[in-house]
Engineer: 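Could you have a look at this structure, given as C-alpha cells, before my questions?
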Amino acid sequence: MFDHEKDLIRQEFDRFTAEHNLENAPLNWRDLPFSGEWGLAIPFFPIAAADNKRVEPVALHAQNLGRAFVAAVSNIPGISRVEAIKGYVNLYFSTSHLAKQVVETVRSQGSDFGRLPLSGKATMVEYSNPNTHKPLHVGHLRNMILGGATCNLLEASGKPVVRANYIGDIGLHVIKWLCNYETYHQGEQPPEDKMRWMSDIYTEADRRFASEPGFEEKVRAYFARWDAHDPDLLALWEQTRAWSMEGMMQVYDLMGYRFDRIYFESEVEDSGKAMVAELLKSGLAVDGRPENPVIINLDEILGTKEEYRVVVILRSDGSSLYATKEIPLAIMKFEEFDLDESIYVIDVRQSLHMKQIAKVLELMGYPWATRIHHLAYEIVNLPGNVTMSSRDGTVVLLDDLVREATERALAVVSEKNPDLDPQTMQEVARTVAMGAIKYPMISRENTKVVTFDWKTALDFEGQSAPYIQYATVRAKSILRKANWIKIQSPEYDYPLSTPEVNLIEKISKLPEEIQRAAKEMKPSLLAVYAYELARNFNDFYNQCHVLGEAEKVQNARLALVDAARIALEDVLVILGIKAPQVM
RNA sequence: GCCCCUGUAGCUCAAUGGAUAGAGUAAUAGACUUCGAAUCUAUCGGUUGCGCGUUCGAGUCGCGCCGGGGGCACCA
C-alpha cells in the first residue's frame with residue numbers, strides 16, 4: 001500500500017548507508033507499536049551489528065546510528081516526523097495525506113480491494129472429499145471451510161484456482177447402505193431433505209452391521225454381487241448415488257461452496273489397477289500375491305531408513321486401496337489441467353500416505369510430483385480431547401449443528417430485532433448461524449486440534465463471526481441513515497482521533513494480509529485480521545460520532561465507515577462468511 | 001523403536017526473530033433519552049512445560065529432556 005513512501009525512505013537509507021560504508025546493511029520494515037500513531041519503523045540493531053567499525057555495544061550503536069540517520073534525512077513527502085528511539089527509527093505518516101489515499105483507494109476499488117488480478121498457471125485445491133451414502137459431520141465441516149477459504153484466498157492473491165472434490169462413491173459403506181435399503185427400505189423414495197434420509201439409512205445400516213445377527217453375511221453377499229457387476233445392483237447404486245449427490249449439492253449450496261471438477265473414486269478404480277500392472281512391469285512394485293499384497297518398498301528403493309516405509313498399492317486379493325486410486329487421480333489432474341500446484345486438503349493423519357503417493361509419482365518420472373502439496377489440518381475433537389466416534393454416537397452431525405445454531409440465532413434475532421418480517425428474520429438467523437459455526441473452524445491454525453463444544457458453537461458474542469457481522473451491520477446502518485447525503489472526496493486534515501487512525505491503519509493492511517495468508521496457506525491469519533478490523537471499527541463507532549458532526553468531519557467519517565464496510569465484507573467473502581444487511 | 005504435530009492467563013486461542021507477550025471467555029464493578037448494548041469501559045489473571053545453545057535481540061530458530069495428540073504392510 002505505501003510502496004511509494006517506502007521507496008522514498010529507501011533512497012534516503014541507501015544514501016545514508018553509502019556514506020557510512022554500510023552498503024550491505026539490511027532494511028527491515030516494522031509497524032509502529034504505538035496505538036493511535038501511524039507509520040513505519042526501522043530497527044537499527046542489525047545495521048549496528050553489521051558495522052565492523054563499531055566500538056560501542058550494539059544497542060547503543062543502533063541508537064546513535066539511528067540518530068545520525070534522522071539528522072540526515074531530508075523532508076520525505078508523506079512523512080511528517082522522524083525520530084530515533086531505543087534503537088529504532090520511527091517514521092510517522094502525515095495522516096491527512098495518507099488517510100485520504102487509503103480511503104479513496106478502498107472506495108474506488110470496492111470488492112476488488114486487497115486483491116490482485118489473476119495471472120499464471122492454475123492451482124488445484126482438492127477439498128471436502130465426502131463419501132456418498134453417508135452423513136456429514138463437523139469434521140467434514142472443517143475440511144470444507146478450510147478448503148473453501150484456501151481457494152478464495154489463493155484467488156484473491158492472484159492465483160487462478162480449480163476447485164476439486166474427490167468423492168468416495170464405492171466401498172464397504174456403500175454396500176452396507178444398498179443392502180440395508182433393499183432389505184428394509186425397498187422402493188422408498190427420498191424426501192426433500194435427501195441428505196438426512198440417506199444419512200439415516202446409513203446409520204441404521206451401520207448399526208445392523210455391528211449388532212444384527214446375519215446382516216454382516218448379507219452384506220458380504222452383496223459384495224459378491226458387486227464384484228460380479230450385478231446389473232440390478234449397479235442400477236440401484238447409480239440411482240442412490242445420484243440421490244446422495246443431490247443431497248450433497250443441497251448442503252454445498254446452503255454452506256456456500258462450489259466445485260469446478262468432481263472426481264469419483266469409481267472413476268479411477270480401473271485405471272488404478274492398470275497402473276499397478278505398469279508399476280510391476282517397471283520393477284518399482286513387488287508382487288507378493290497370493291499371500292501378500294502388491295507393495296512398493298520406498299525405503300529400500302531410496303535407501304532411506306524408516307522414512308517412506310512401504311506403501312501397499314493392491315490387496316492380496318487384487319482389490320484396490322486408497323493408494324491404488326490416488327496415483328491415477330493425481331495424473332489425471334495434471335493431464336486435464338495445466339497446473340502449477342496440486343493441493344490436497346486432507347487431515348493430518350494421512351501425512352505419510354500423501355508423502356508416499358508424491359514420492360511414488362516422482363519415481364514414476366512425473367516432474368510435477370514435487371508440486372503436490374498436502375495441506376494438513378488437525379481433526380475436530382470433543383471437550384476433554386475425545387475423538388468423535390460414530391460407534392459411540394458422539395459424532396456431531398452437520399445437519400443437527402446447523403439446525404440448532406439456526407434456532408438459537410433465530411431466538412436472538414427475534415429478541416434483538418422483533419420488527420423484522422419473518423422471512424428476513426429467518427435469513428438473518430441462517431447467516432448468523434453459518435458464520436458462528438464456521439468461524440471457530442477457521443480461526444485456529446490448521447495444525448491445531450479444534451475442540452467442538454455446543455456452548456462455543458452457539459455463542460454469538462465476543463471473538464466470533466457474529467461480532468464481525470455486527471460491525472458490518474452497524475456500518476451499513478450509518479450509511480443507510482446517511483443515504484441522502486452524497487459522500488464527497490474526504491479530507492482528513494482535522495485532528496484525527498486514536499480510533500480513527502487505528503481503523504485506517506488496519507484497513508490499509510488488508511492487501512498485505514491477503515498475500516501473507518495466501519503464501520502460508522493459512523486462512524486463520526485472515527480470520528484473526530477480520531476480528532481485529534471489526535474491533536477497530538467498534539472502537540471507532542463507540543468513540544467517534546459520524547452523523548451530525550461538522551460537515552467536513554461527517555463527510556470524512558462517512559467515507560471511512562464506507563471503507564471499513566468494504567474491507568470487512570471483502571475479508572468475510574474470502575473466509576466464506578456472509579454478512580447480513582441487518583441482524 | 002522411528003517420524004510428524006503440539007505445549008502461552010482458570011478455560012479457548014493470538015502474537016512477519018524486534019520496543020511493555022495480547023484477545024475472547026469466566027469472575028467482579030460500571031455504560032443504553034445518545035449513528036443498533038450481538039457493543040463498550042475498568043479490575044483480576046503470565047517464570048510463554050524445563051534446560052542448554054545460536055543471535056545485538058528468542059514465545060518464535062537449533063539441540064536435549066518432560067507432558068499431550070497422531071502416524072508407521074493389505075482402512076481411508
Side-chain angles (χ1 to χ4, degrees), chain A residues 28-34 41 43-46 48-50 54 57-62 85-88 90 129 131 168 171-173 265 288 292-295 297 305-317 319 321-323 325-326 346-353 355 376 378-379 381 383 385 387 409 412-413 415-417 432 436 440 443-445 447-451 453 455-456 459-464 466-467 469-471 473-475 477-482 512 516 519-520 524-525 528 531-532 535 538-539 541-549 557 561 582-583:
Chain A
N28 297 320
W29 301 108
R30 310 283 316 163
D31 295 325
L32 291 182
F34 317 121
F44 263 63
F45 304 104
R54 106 188 124 82
V58 169
L60 179 61
H61 195 49
I85 180 169
K86 287 169 146 178
Y88 293 83
N90 296 329
N129 297 7
N131 287 323
L172 177 63
H173 69 280
E265 212 178 317
N292 291 304
V294 179
I295 61 159
N297 191 335
K305 227 185 138 199
E306 295 191 71
E307 190 182 348
Y308 288 93
R309 316 255 168 184
V310 167
V311 54
V312 178
I313 55 171
L314 199 69
R315 283 201 188 90
S316 49
D317 68 1
S319 59
L321 286 149
Y322 172 84
K325 291 165 275 199
E326 208 57 56
I346 306 181
D347 104 51
V348 68
R349 291 175 296 190
Q350 290 176 47
S351 294
L352 177 60
H353 301 269
K355 194 171 139 184
E378 262 292 358
I379 58 170
N381 275 350
N385 218 10
T387 301
V412 177
V413 178
E415 182 202 320
K416 305 268 181 193
N417 219 336
V432 170
S443 58
R444 282 136 180 78
E445 274 197 61
T447 50
K448 291 193 173 168
V449 174
V450 166
T451 302
D453 69 284
K455 193 169 165 293
T456 312
D459 189 6
F460 303 148
E461 287 170 13
Q463 194 165 1
S464 65
Y467 179 95
Q469 291 168 323
Y470 187 62
V473 166
R474 277 176 148 182
S477 180
I478 292 179
L479 294 166
R480 201 164 32 237
K481 282 215 163 68
E512 62 192 83
R516 187 164 72 97
K519 194 169 157 232
E520 297 184 30
S524 66
L525 296 177
V528 170
Y531 171 71
E532 287 171 353
R535 192 151 47 92
N538 277 330
D539 242 18
Y541 184 92
N542 277 294
Q543 293 180 54
C544 305
H545 253 260
V546 177
L547 304 177
E549 292 294 306
R557 287 184 173 166
V561 169
V582 292
M583 65 189 272

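Chain naming here is simple, since letters A, B, ... match the order of the sequence lines and numbering starts at 1 in each. In this text, all values refer to a predicted model and were calculated from it rather than measured experimentally.
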Engineer: How long is the line joining CG of D31(A) and C1' of A15(B), in whole Å?
Structural biologist: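 Spelled out: CG on D31(A) to C1' on A15(B) is 13 Å.
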Engineer: Write down the partner of U12(B) under the Watson-Crick or G-U wobble criteria, each distance required to be under 3.5 Å.
Structural biologist: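 Matched U12(B) with A23(B) under the 3.5 Å cut-off.
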Engineer: Identify the heavy atoms of V312(A) and A323(A) that sit nearest to each other, and give their distance.
Structural biologist: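 Heavy atoms only, the tightest pair is O-CB, 3.7 Å.
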Engineer: Reckon V561(A) touches a base, only the sugar-phosphate, or nothing at all at heavy-atom distances under 4.0 Å?
Structural biologist: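 Answer is nothing: V561(A) stays at 4.0 Å or more from every strand.
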Engineer: Using the C1' atom as the reference point in each nucleotide, state the distance between G24(B) and G64(B) in Å, no decimals.
Structural biologist: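 Going atom to atom, C1' in each nucleotide, I get 36 Å.
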Engineer: Which is true for Y467(A) with a 4.0 Å heavy-atom rule: it touches a base, it touches only sugar-phosphate, or it touches nothing?
Structural biologist: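 Sugar-phosphate contact only - Y467(A) comes under 4.0 Å of backbone atoms but never of a base.
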Engineer: Rounded to whole angstrom units, what separation is found between the CD atom of Q469(A) and the P atom of A38(B)?
Structural biologist: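 Answer to the nearest Å: 14 Å.
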Engineer: Just call it for V294(A): base, sugar-phosphate, or nothing, with non-hydrogen atoms closer than 4.0 Å on any strand.
Structural biologist: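 No contact.
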Engineer: Suppose we call a contact any N or O donor and acceptor under 3.5 Å apart; does that hold for the side chain of R315(A) and the base of C74(B)?
Structural biologist: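 Donor-acceptor pair under 3.5 Å: no.
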Engineer: Could you give the NZ-to-P distance, from K455(A) to A26(B), as a whole number of Å?
Structural biologist: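 Going from K455(A) (NZ) to A26(B) (P), I get 6 Å.
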Engineer: Using salt bridge (charged side-chain N to carboxylate O under 4.0 Å, His left out), reason through K455(A) and D453(A) one step at a time and then give a plain yes or no.
Structural biologist: CA-CA 6 Å; K455(A) 193 169 165 293; D453(A) 69 284; over 6 Å; no
Engineer: Quote, to the nearest angstrom, the C1' distance that separates U20(B) from G62(B).
Structural biologist: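 Pairwise C1' distance, U20(B) against G62(B), rounds to 28 Å.
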Engineer: What is the nucleic acid contact for A49(A), judged by heavy atoms within less than 4.0 Å: base, sugar-phosphate only, or nothing?
Structural biologist: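 If one applies the 4.0 Å heavy-atom cut-off, A49(A) turns out to touch a base.
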Engineer: Heavy atoms under 4.0 Å, any strand shown: does Q350(A) hit a base, just sugar-phosphate, or nothing?
Structural biologist: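 Base, at least one base heavy atom under 4.0 Å.
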Engineer: Do R309(A) and C3(B) share a donor-acceptor pair, side chain to base, under 3.5 Å?
Structural biologist: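 No.
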Engineer: Across the strands shown, which category fits L525(A) at heavy-atom distances under 4.0 angstrom: base, sugar-phosphate, nothing?
Structural biologist: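 Here L525(A) touches the backbone only, sparing every base.
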Engineer: So what does N129(A) hit on the nucleic acid, given a heavy-atom distance under 4.0 Å: a base, only sugar-phosphate, or nothing?
Structural biologist: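 No contact at all - N129(A) keeps every heavy atom at 4.0 Å or more from the nucleic acid.
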Engineer: Rounded to whole angstrom, note down the P distance from C72(B) over to U39(B).
Structural biologist: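 About 44 Å, rounded to a whole number of Å.
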Engineer: Kindly say if K355(A) contacts the phosphate of C4(B), meaning a side-chain N or O under 4.0 Å from OP1 or OP2.
Structural biologist: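 Result: no.
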Engineer: List the steps and the verdict of salt bridge (charged side-chain N to carboxylate O under 4.0 Å, His left out) for E265(A) and K325(A).
Structural biologist: CA-CA 7 Å; E265(A) 212 178 317; K325(A) 291 165 275 199; 2.7 Å; yes
Engineer: Looking at every non-hydrogen atom in both residues, tell me the closest pair between N90(A) and F34(A) and how far apart they are.
Structural biologist: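 That would be ND2-CE1, 3.8 Å.
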Engineer: For a quick test of reading the model: is some side-chain N or O of K416(A) closer than 4.0 Å to OP1 or OP2 of A38(B)?
Structural biologist: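 K416(A) to A38(B) OP1/OP2: side-chain N or O found under 4.0 Å.
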Engineer: Roughly how many Å is it from CG in D539(A) to P in C35(B), rounded to a whole number?
Structural biologist: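 About 18 Å, once rounded to whole Å.
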Engineer: When both hydrogen-bonding distances must be under 3.5 Å and the geometry is Watson-Crick or G-U wobble, what is G45(B) paired with, if anything?
Structural biologist: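 None - no nucleotide pairs with G45(B), as no candidate has both distances under 3.5 Å.
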Engineer: Scan every strand shown for a Watson-Crick or G-U wobble partner of U34(B), both distances under 3.5 Å, and answer none if you come up empty.
Structural biologist: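 For U34(B), the partner nucleotide comes out as none, under the 3.5 Å rule.
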Engineer: On a whole-Å scale, what distance lies between the P atoms belonging to A21(B) and A9(B)?
Structural biologist: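 Here A21(B) and A9(B) have their P atoms 15 Å from each other.
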Engineer: Does C32(B) fall in syn (glycosidic angle within 90° of 0) or anti?
Structural biologist: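 Judged by the O4'-C1' to base torsion, C32(B) sits in syn, the angle falling within 90° of 0.
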Engineer: For G49(B) versus U8(B), give the span between their P atoms, rounded off to a whole number of Å.
Structural biologist: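 These two P atoms come out 6 Å apart once rounded.
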Engineer: Just the rounded figure in Å: distance from C1' of C75(B) to CD of E326(A).
Structural biologist: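 For the pair E326(A) CD and C75(B) C1', the rounded distance is 14 Å.
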Engineer: Please confirm whether the shortest side-chain N or O distance from R474(A) to OP1 or OP2 of A37(B) is below 4.0 Å.
Structural biologist: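 For A37(B), OP1/OP2 do have a side-chain N/O of R474(A) under 4.0 Å.
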Engineer: Is the ring pair Y88(A)/F45(A) parallel, tilted or perpendicular, if the boundaries are 30 and 60 degrees?
Structural biologist: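 Aromatic pair Y88(A)/F45(A) classed perpendicular.
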Engineer: So V546(A), base contact, sugar-phosphate only, or nothing? Heavy-atom distance under 4.0 Å.
Structural biologist: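 Counting heavy atoms under 4.0 Å across all strands, the contact made by V546(A) includes a base.
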Engineer: At under 4.0 Å, does any side-chain N or O of T447(A) touch on OP1 or OP2 of U6(B)?
Structural biologist: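 Checking U6(B) against T447(A), a side-chain N or O does come within under 4.0 Å of OP1 or OP2.
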Engineer: Any chance the side chains of D459(A) and T456(A) put a donor and an acceptor closer than 3.5 Å?
Structural biologist: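 Looking only at side-chain atoms, T456(A) and D459(A) do not form any donor-acceptor pair under 3.5 Å.
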Engineer: Can you tell me the distance, in whole Å, between the CZ atom of R444(A) and the C1' atom of G7(B)?
Structural biologist: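 The distance from CZ of R444(A) to C1' of G7(B) comes to 16 Å, rounded to the nearest Å.
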Engineer: With heavy atoms under 4.0 Å as the rule, sort P46(A) into base, sugar-phosphate or nothing.
Structural biologist: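 Base contact - P46(A) has a heavy atom under 4.0 Å of at least one base atom.
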Engineer: Taking the nucleotide of RNA chain B with the nearest heavy atom to each, does S464(A) or Y541(A) sit closer to the 5' end?
Structural biologist: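 Its nucleotide being nearer the 5' end, the pick is Y541(A).
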Engineer: Ignoring backbone atoms, establish whether K448(A) has a side-chain N or O less than 4.0 Å from OP1 or OP2 of G7(B).
Structural biologist: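 Result: yes.
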Engineer: Taking the C1' atom of each, how far is U54(B) from U12(B), in whole Å?
Structural biologist: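 Pairwise C1' distance, U54(B) against U12(B), rounds to 34 Å.
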Engineer: Can you confirm whether the side chains of N538(A) and Y467(A) place a donor and an acceptor under 3.5 Å from each other?
Structural biologist: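 Indeed, the side chains of N538(A) and Y467(A) share at least one donor-acceptor pair under 3.5 Å.
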Engineer: Looking at C74(B), does its base get a donor-acceptor pair with the side chain of S316(A) below 3.5 Å?
Structural biologist: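 Such a pair exists between side chain and base.
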Engineer: Taking the same atom, C1', in G57(B) and in G1(B), what whole-Å distance lies between them?
Structural biologist: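 These two C1' atoms come out 39 Å apart once rounded.
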Engineer: Are the side chains of V348(A) and T447(A) in contact, using a 4.5 Å heavy-atom criterion?
Structural biologist: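 In short, these two side chains do not touch, never coming nearer than 4.5 Å.
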Engineer: Do side-chain atoms of N417(A) reach the backbone of M583(A) as a donor and acceptor pair under 3.5 angstrom?
Structural biologist: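 Yes.
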Engineer: For G51(B), which nucleotide is its Watson-Crick or G-U wobble mate, given both distances must be under 3.5 Å?
Structural biologist: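 Result: C63(B).
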Engineer: Figure out the CG/C1' separation between D453(A) and A26(B), and round it to whole Å.
Structural biologist: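 Whole-Å distance recorded here is 13 Å.
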Engineer: CD of E445(A) versus C1' of G69(B): gap in Å, rounded?
Structural biologist: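 So the CD-C1' distance, E445(A) to G69(B), works out to 16 Å.
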Engineer: I'd like to check, for Y531(A), whether its ring lies over the base of A23(B) with centroids under 5.5 Å apart and a plane angle smaller than 30°.
Structural biologist: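 Not stacked: fails the 5.5 Å / 30° test.
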Engineer: Assign I295(A) to base, sugar-phosphate, or nothing according to its heavy-atom contacts below 4.0 angstrom with the strands shown.
Structural biologist: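 If one applies the 4.0 Å heavy-atom cut-off, I295(A) turns out to touch a base.
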Engineer: When all nucleic acid strands are considered with a 4.0 Å heavy-atom cut-off, which category describes N292(A): base, sugar-phosphate, or nothing?
Structural biologist: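 Touches a base.
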Engineer: Want to settle it: does K481(A) or V311(A) sit nearer the 5' end of RNA chain B, counting the closest nucleotide to each?
Structural biologist: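 The residue closer to the strand's 5' end, by nearest nucleotide, is K481(A).
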Engineer: Does the ring of H545(A) lie flat against the base of C35(B), closer than 5.5 Å centre to centre with planes under 30°?
Structural biologist: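 Taking the rule of under 5.5 Å and under 30°, the ring of H545(A) does stack on C35(B).
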Engineer: Could you tell me how far G45(B) sits from C4(B) if I compare only their C1' atoms? Round to whole Å.
Structural biologist: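 My reading of the C1' atoms in C4(B) and G45(B) gives 34 Å.
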Engineer: Under 3.5 Å, is there any donor-acceptor pair linking the side chain of N90(A) to the base of A19(B)?
Structural biologist: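 Flag set: donor-acceptor pair detected.
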Engineer: Mind checking if A471(A) touches a base, just sugar-phosphate, or nothing, with heavy atoms under 4.0 Å?
Structural biologist: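 No contact at all - A471(A) keeps every heavy atom at 4.0 Å or more from the nucleic acid.
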